[in-house]
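Here is the naming used below: chain letters follow the sequence lines, and residue numbers restart at 1 for every chain.
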Amino acid sequence: MSIAGIKGMNDILPGEVETWQFLEKTAREVFRTYGFSEIRVPVVEKTELFCRSIGETTDIVEKEMYSFEDRSGNSISLRPEGTAPVMRALVQHKLYNLDSINKLYYSGPMFRYERPQKGRYRQFHQLGAEVVGVDDPKVDAQVLAMLDQFFQEAGIADVELQINSLGCPECRPAYRDLLVAYLEVRLESLCDDCKRRYRTNPLRALDCKSTGCKAATAEAPSVLAHLCCGCDTHFGKVRGYLDGMNIPYAVNDRMVRGLDYYTKTTFEMVTTRLGSQNAVAAGGRYDGLVKQIGGPALSGIGFAMGLERLALLKGDEAVVRDRPEIFLAGLGEAASDRSFLLMQELQRQGLRAEMDFEGRSLKSQMRRADKLGARYVLILGEDELSRGGAELRDMDAATQEDVQLDQLLSVMIERCGLVRRDKA
RNA sequence: GUGGGUGUAGCUCAGUUGGCAGAGCACCGGAUUGUGGCUCCGGAUGUCGAGGGUUCAAGCCCCUUCACUCACCCCA
């Protein structure tokens, strides 16, 4: 029996990978215009980093981390998300001393031990961005604008930007108490999960899909109505800037977060096209996080996009076929050898050239050239070879002409207008 | 962790009350010497997910197991 891959960890095959490359390229271009620099951090970190940042009682830390001891007995974990490692690096290298604002983006695999389903995998990929050092609502609006622009340029429609504010250490405890009290008298109608956690994580009930919880929380107090003065004006300004930039959004005061570090502005880019996975990007402000992992008191805001989910939404519509410029069809050993050398000369010039390595008939070489989508086919037989020429067939026009082999390079470069950029 | 669905050719899937393993697509070859697409003709391909059981006989029935998938939970 052959060895299969690990459950929930997928291969990205030719034909799919083009979509990923498109998404990554689009993100790099958009993020660059907003002044973000890439940062690359390791895939494993000390387990403690995630416990302290994400929260000891979150599902991620409690039951979803790939944690293990290395050979010296330290507990390390495959990263379940990207923000904590990036903040760790920022603190470790004191990047905040180089500039008062740091705009960083990252991309790479994350790991969570969950049951896989559509749009949810054990190894998944996130592309995220973080702004650290400034808590002005303009920064929130910039991040949201960048996210919006990414979706526009990536051509992903059918998504909605939802925003909320979760308050800060000033106002959240009071709201939380209020909500606990509200839930307490309605415990009977809550689902088992919400009953169990109404004290530890009451916000979760607002987001619960069970009909009982939906009904029970219909009249629940809204976070937005209980923000402190600072959070309320902050949220108001963010909304004002979004309106000013004509960025569409919806306020969703029942949006909650799975990670403990979020404060004030939170947001999600949601879709209805991915089964039960409705978030394709999510993020928010995390003003206490850097200090919590042992750094200075720096505010921050960021988001992460799920590449698998983006790729599912995008499908393969973005993929344009990469056609070979030329296919060299040689007949007989001598012609085949000569074709091989010619092919290499073309490739060295940056032209995509292909040939047959299996000594097939001309007919089947033509078929293959057609299948690959070659623009031109060079037909080289014994006769042509002896006089130093060949037939160059234009596959789209279905016409062909004689060319001298020593002219082939210049003819092809002229036709395809393609010279390797790094040569000149 | 819990529940449902599905495992048959490279892919998508048929397969009758248990009786020789099938189709379409894809692939390969051919249709007057060396010319693609369209058409036509021909060809190869299987551990029927795995293991066990019942039976003269199992893709089909029974048991076990694994994988994939969707949903719950949770999240990107």
Side-chain angles (χ1 to χ4, degrees), chain A residues 1-8 10 13 15 23 54 58-65 79-83 107-128 147 159 191-194 196-197 201 204 207-210 255-259 267-271 274-284 302-313 327 329-332 335 356 358 360-385 390-400:
Chain A
M1 199 147 166
S2 59
I3 300 171
I6 306 290
K7 183 200 286 285
N10 301 318
L13 303 175
L23 293 168
I54 298 170
T58 57
D59 282 15
I60 294 176
V61 169
E62 274 184 355
K63 52 191 194 195
E64 293 175 2
M65 282 216 288
R79 59 183 185 194
E81 60 108 31
T83 301
S107 166
M110 308 294 163
F111 303 85
R112 291 181 201 171
Y113 191 87
E114 304 177 88
R115 280 287 275 275
Q117 68 187 71
K118 190 182 181 71
R120 195 182 76 182
Y121 310 100
R122 289 186 174 177
Q123 174 175 334
F124 60 105
H125 296 77
Q126 285 188 336
L127 217 162
L147 186 62
V159 291
C191 72
D192 292 346
D193 285 322
C194 289
R196 177 172 52 75
R197 68 191 167 199
N201 194 353
R204 178 65 60 207
D207 195 38
C208 189
K209 286 167 190 158
S210 93
M255 187 170 71
V256 300
R257 301 276 67 162
L259 291 71
F267 52 90
E268 284 181 5
M269 202 58 97
V270 300
T271 178
L274 287 181
S276 65
Q277 264 56 246
N278 63 344
V280 283
F303 64 82
M305 307 189 284
L307 275 171
E308 279 81 0
R309 293 181 185 182
L310 290 172
L312 280 170
L313 286 180
F327 185 98
L331 287 155
D356 160 66
E358 294 170 83
R360 296 185 204 253
S361 69
L362 179 62
K363 184 189 195 71
S364 88
Q365 291 189 61
M366 290 298 291
R367 257 206 268 261
R368 179 164 170 72
D370 182 60
K371 195 174 85 178
L372 293 171
R375 284 202 237 281
Y376 294 93
V377 174
L378 187 80
I379 297 159
L380 183 58
E382 304 290 338
D383 301 347
E384 291 93 335
L385 190 58
E391 306 265 348
L392 184 63
R393 181 173 178 84
D394 180 326
M395 294 294 277
D396 293 339
T399 57
Q400 63 191 55

d([atom1], [X]; [atom2], [N]) in whole Å:
{"X": "A:L378", "N": "B:rG36", "atom1": "CG", "atom2": "P", "value": "17 Å"}
{"X": "A:D207", "N": "B:rA76", "atom1": "CG", "atom2": "P", "value": "11 Å"}
{"X": "A:I6", "N": "B:rA67", "atom1": "CD1", "atom2": "P", "value": "11 Å"}
{"X": "A:L307", "N": "B:rA76", "atom1": "CG", "atom2": "P", "value": "14 Å"}
{"X": "A:K363", "N": "B:rG29", "atom1": "NZ", "atom2": "C1'", "value": "10 Å"}

State the pairing partner of [N]; accept Watson-Crick or G-U wobble contacts with both distances under 3.5 Å, and report none otherwise.
{"N": "B:rU32", "result": "none"}
{"N": "B:rG43", "result": "B:rC27"}
{"N": "B:rG3", "result": "B:rC70"}
{"N": "B:rC75", "result": "none"}
{"N": "B:rC13", "result": "B:rG22"}
{"N": "B:rC38", "result": "none"}
{"N": "B:rU55", "result": "none"}

(message) Can you tell me which residue among A:Q365, A:R367, A:R360, A:M366 is in a side-chain contact (heavy atoms from CB on, under 4.5 Å) with A:K363?
(response)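 With A:K363 as partner, side-chain contact (heavy atoms from CB on, under 4.5 Å) holds for just one option, A:R367.
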
(request) Report yes if some heavy atom in the side chain of A:I60 is under 4.5 Å from a heavy atom in the side chain of A:R112; otherwise report no. (result) yes

(message) Here's a test of your reading of the structure: between A:C208 and A:A279, which maps to the more 5' nucleotide of RNA chain B?
(response)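 It is A:C208, whose closest nucleotide lies nearer the 5' terminus.
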
(request) Nearest-nucleotide wise, let me know which of A:N10 and A:E268 is further upstream toward the 5' end of RNA chain B. (result) A:N10

Nearest to the side chain of [X], which nucleotide is it out of [options]?
{"X": "A:E114", "options": "B:rG30, B:rG34, B:rA76", "value": "B:rA76"}
{"X": "A:K7", "options": "B:rG36, B:rA76, B:rC68", "value": "B:rC68"}
{"X": "A:S364", "options": "B:rG36, B:rG29, B:rA76", "value": "B:rG29"}
{"X": "A:A282", "options": "B:rU35, B:rA76, B:rU69", "value": "B:rA76"}
{"X": "A:M395", "options": "B:rG34, B:rC28, B:rG36", "value": "B:rG36"}
{"X": "A:D370", "options": "B:rG3, B:rA76, B:rG36", "value": "B:rG36"}
{"X": "A:K118", "options": "B:rC73, B:rU35, B:rA71", "value": "B:rA71"}
{"X": "A:I379", "options": "B:rA76, B:rU2, B:rU35", "value": "B:rU35"}
{"X": "A:Q117", "options": "B:rC72, B:rU35, B:rG36", "value": "B:rC72"}
{"X": "A:K63", "options": "B:rG34, B:rC73, B:rA76", "value": "B:rC73"}

(request) Kindly determine whether A:E391 and A:R393 satisfy salt bridge (Lys or Arg N to Asp or Glu O under 4.0 Å), including the steps that lead there. (result) CA-CA 6 Å; A:E391 306 265 348; A:R393 181 173 178 84; over 6 Å; no

Are OP1 or OP2 of [N] and a side-chain N or O of [X] less than 4.0 angstrom apart?
{"X": "A:S361", "N": "B:rG34", "result": "no"}
{"X": "A:R204", "N": "B:rC75", "result": "yes"}
{"X": "A:R115", "N": "B:rC75", "result": "no"}

(message) Has A:Y376 got a side-chain atom pairing as donor or acceptor with A:A374's backbone, closer than 3.5 angstrom?
(response)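 Absent.
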
(request) Tell me, please, which residues at least two apart from A:R368 pass salt bridge (charged side-chain N to carboxylate O under 4.0 Å, His left out). (result)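 With sequence neighbours excluded, A:R368 shows a salt bridge (charged side-chain N to carboxylate O under 4.0 Å, His left out) to no residue whatsoever.
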
(request) Determine whether more than 12 heavy atoms belonging to other residues, nucleotides or ligands lie under 6.0 Å from atom CD1 of A:I6. (result)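 At most 12 heavy atoms, drawn from other residues, nucleotides or ligands, come within 6.0 Å of this atom.
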
(message) What's the gap between B:rC28 and B:rG5 when it is taken at their C1' atoms, as a whole Å value?
(response)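 To the nearest whole Å, 37 Å.
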
(message) Given the structure, check if the side chain of A:R367 and the base of B:rU35 hold any donor-acceptor pair shorter than 3.5 Å.
(response) no

